[in-house]
Amino acid sequence: MASYKKNEAREWAREKLVGVINCTLPSFSSDLTRLNEKAIRHDTRLAIEHGFIGTLGISEVAVTLDEYIDFLTMIKDEAGDRLVITHHASWNTLEQNIEAVQRAEAAGAEFVLLSYPPGFYPESEDDIYRYTKALCDSTNLAVMLFPMFLWGFSPRIHPSDIPVSLIRRLLDDCPNIAAIKAEGGFPSIQSVIECNRLFGKEVVISMPIEGELIPLSQIMPIQLSATSDHEYWGPLIPQVFNLLRNGEFDKASEIYWRMHPARKAKGLVAQQMHGGHFINRYVWKFQGWLQGYNGGPLRMPTQRIHDPQMLALRKGLVDAGLNPSMEPFREFFIGRHPI
């Protein structure tokens, strides 16, 4: 269970959530019939080794709720108190999300990334308010609000996806909203600046996009980068985060520019592969594999990744001097710890 009470969520987040949270995708057996515990534990250990303070257990793949809870349990058992286990509240309905978050809390999750179902079609701010408050009311865990274009709220509700007027209401009425993953109006830096200005003294403001984290941290305080596919960079994002926190901006800027070939390659692949307002998790799985994570097959239905994208992502890391795996691509689809 969480180490804090519901009314202490914001204080806990301010103290505990200082650093970078990556993402862990479920790994499966070779026949895709069950979870691959050995691979999941490998990825958990590597996230700790790379310096992450927490990990998001991704639920947006073909996995049952029972399997997902087992997945979080494996991560928690391997990590102990070394990672903040973050629940991905991305299920089909509000009712299922309430069940999932309560079971995740019992399994050892301490933090929640709030999502909205694909079939959720709000026509007013009140609709979003009611859904969000119901989810927050159902758990004692600290929740991270997530303004983002993926939900389809813009421009119907507001161009910023979740307007600051609604965020204000939610912060007033949901004491366990402890952080904001400020990607509203993506791609734009206005959301993170606006949220920091209006709410930064109350809750933690997260900037998950490293290409914005590094420059923005040089002019405004950012204590959290969560959650994102930071594993593509191996241990580099926690390292550069620490430089930024210590005010070593020249060193951080040098790293920013050294990363730029891989950043551009990653951006081009995202344009090709992240269609239909859905993140291609096979791409994320491959990005982690390049830096030593398990990789391995995902179940249907899933988007795919082909040689041109894999070549581009690996070449970007080579050009950035980040030493990706040079193993044959077929090894990715097998995984480092097949069962």
Side-chain angles (χ1 to χ4, degrees), residues 23 25-26 28 32 56-72 86-105 107 109 111-139 141 143-163 165-167 169-170 173-174 176-177 179-187 191 208 227-229 270-271 273-285 298-304:
C23 295
L25 280 148
F28 298 97
L32 295 169
L56 172 71
I58 295 287
S59 64
E60 290 176 347
V61 291
V63 64
T64 68
L65 180 53
D66 286 344
E67 287 175 323
Y68 177 78
I69 297 302
D70 287 344
F71 166 57
L72 288 188
T86 306
H87 167 60
H88 195 185
S90 185
W91 296 87
N92 297 309
T93 64
L94 174 59
E95 292 72 22
Q96 192 176 36
N97 273 298
I98 288 173
E99 177 187 358
V101 75
Q102 291 174 348
R103 292 180 64 182
E105 182 175 347
F111 192 35
V112 178
L113 175 63
L114 195 147
S115 179
Y116 297 91
F120 176 58
Y121 189 83
E123 297 185 89
S124 68
E125 290 186 21
D126 285 342
D127 291 341
I128 301 172
Y129 172 88
R130 284 190 290 269
Y131 181 100
T132 306
K133 187 173 188 301
L135 192 285
C136 293
D137 287 349
S138 73
T139 181
L141 295 182
V143 173
M144 182 157 63
L145 192 63
F146 188 12
M148 179 51 160
F149 78 91
L150 288 172
W151 320 137
F153 300 165
S154 171
R156 185 175 67 259
I157 304 300
H158 193 273
S160 67
D161 303 302
I162 300 180
S165 58
L166 177 53
I167 295 175
R169 291 175 62 195
L170 288 166
D173 296 346
C174 304
N176 56 329
I177 294 180
I180 302 172
K181 185 179 180 181
E183 293 186 60
F186 180 87
S191 178
T227 56
S228 194
D229 53 341
Q271 292 175 33
M273 304 297 284
H274 296 355
H277 300 290
F278 191 79
I279 295 172
N280 187 323
R281 300 299 182 182
Y282 237 144
V283 170
W284 284 31
K285 195 83 161 153
L298 294 177
R299 293 170 174 165
M300 289 289 283
T302 183
Q303 294 169 291
R304 301 169 187 259

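Here the structure is a predicted model, which is why all the values come from computation and not from measurement.
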| field | Under 3.5 Å: donor-acceptor pair, side chain of N97, backbone of W91 | value | yes

| Hey, is the main chain of R304 close enough, under 3.5 Å, to the side chain of N280 for a donor-acceptor pair? | yes

| task | Compare every heavy atom of Y282 with every heavy atom of Q303, then report the nearest pair and how far apart it is. | result | O-CD1, 3.1 Å

| task | Look up atom CD1 in I162 and atom CG in L145, then write down how far apart they are to the nearest 0.5 Å. | result | 4.5 Å

| task | Look up atom OG in S160 and atom CE in M148, then write down how far apart they are to the nearest 0.5 Å. | result | 13.0 Å

| field | Heavy-atom side-chain contact between E125 and S165 under 4.5 Å | value | yes

| task | Kindly compute the distance separating CG (L72) from CD (E67), expressed to the nearest 0.5 Å. | result | 12.5 Å

| request: Could you grab the distance from atom CD1 of I279 to atom OG of S228, nearest 0.5 Å is fine? | output: 8.0 Å

| Is the cationic atom of R156 (NZ for Lys, CZ for Arg) positioned less than 6.0 Å from the six-membered ring centroid of Y121 and within 45 degrees of its normal? | yes

| Which heavy atom of F153 sits nearest a heavy atom of I128, and at what distance? | CD1-CD1, 3.5 Å

| message | When you compare the side chain of I167 with that of P147, does any pair of heavy atoms fall below 4.5 Å? | response | yes

| message | Could you tell me if the side chain of D161 sits less than 4.5 Å from the side chain of S154, heavy atoms only? | response | yes

| At what distance, to the nearest 0.5 angstrom, does CD of E123 lie from CD1 of I157? | 7.5 Å

| query | Tell me, do R281 and T302 make a side-chain contact under 4.5 Å, heavy atoms counted? | reply | no

| message | If we ignore hydrogens and angles and just use 3.5 Å, is the side chain of K181 paired with the main-chain N or O of T227 as donor and acceptor? | response | yes

| query | Does a sphere of radius 6.0 Å around CZ in R130 hold more than 12 heavy atoms from other residues, nucleotides or ligands, not counting ones at 6.0 Å or beyond? | reply | yes

| Would you say R169 and T132 make side-chain contact, with heavy atoms under 4.5 Å? | no

| field | Shortest non-hydrogen separation from L113 to T86 and the atoms involved | value | N-CG2, 4.1 Å

| Verdict with reasoning, F146 to W151, per ring-ring contact (aromatic ring centres under 6.0 Å, His included) | CA-CA 10 Å; F146 188 12; W151 320 137; 5.4 Å; yes

| Residues M300, L32; criterion side chain to side chain contact (heavy atoms under 4.5 Å, CB included); working and verdict | CA-CA 9 Å; M300 289 289 283; L32 295 169; over 6 Å; no

| Heavy-atom closest contact (A100 atom, L65 atom, distance) | CB-CD1, 3.7 Å

| task | Answer yes or no: is there a side-chain heavy-atom contact under 4.5 Å between R103 and D66? | result | yes

| request: Please work out whether the ring planes of Y116 and Y131 are parallel, tilted or perpendicular, with thresholds of 30° and 60°. | output: tilted

| remark: When every non-hydrogen atom of K285 is compared with those of L298, the smallest separation belongs to CE-CD2, 4.3 Å

| Hey, does C23 have a side-chain heavy atom less than 4.5 Å from the side chain of W284? | yes

| query | Does S90 offer a backbone N or O that forms a donor-acceptor pair with the side chain of S115 under 3.5 Å? | reply | no

| task | Identify the two heavy atoms, one from F111 and one from A179, that lie closest to each other, and give their separation to 0.1 Å. | result | CZ-CB, 4.0 Å

| How many angstroms lie between atom CG of L150 and atom CZ of F278, to the nearest 0.5 angstrom? | 9.5 Å

| query | Judged by atom type as modelled, is there a donor-acceptor pair below 3.5 Å linking the side chain of Q96 to the main-chain atoms of N92? | reply | yes

| query | Hey, are the side chains of H88 and E60 touching, using non-hydrogen atoms and a 4.5 Å cut-off? | reply | yes

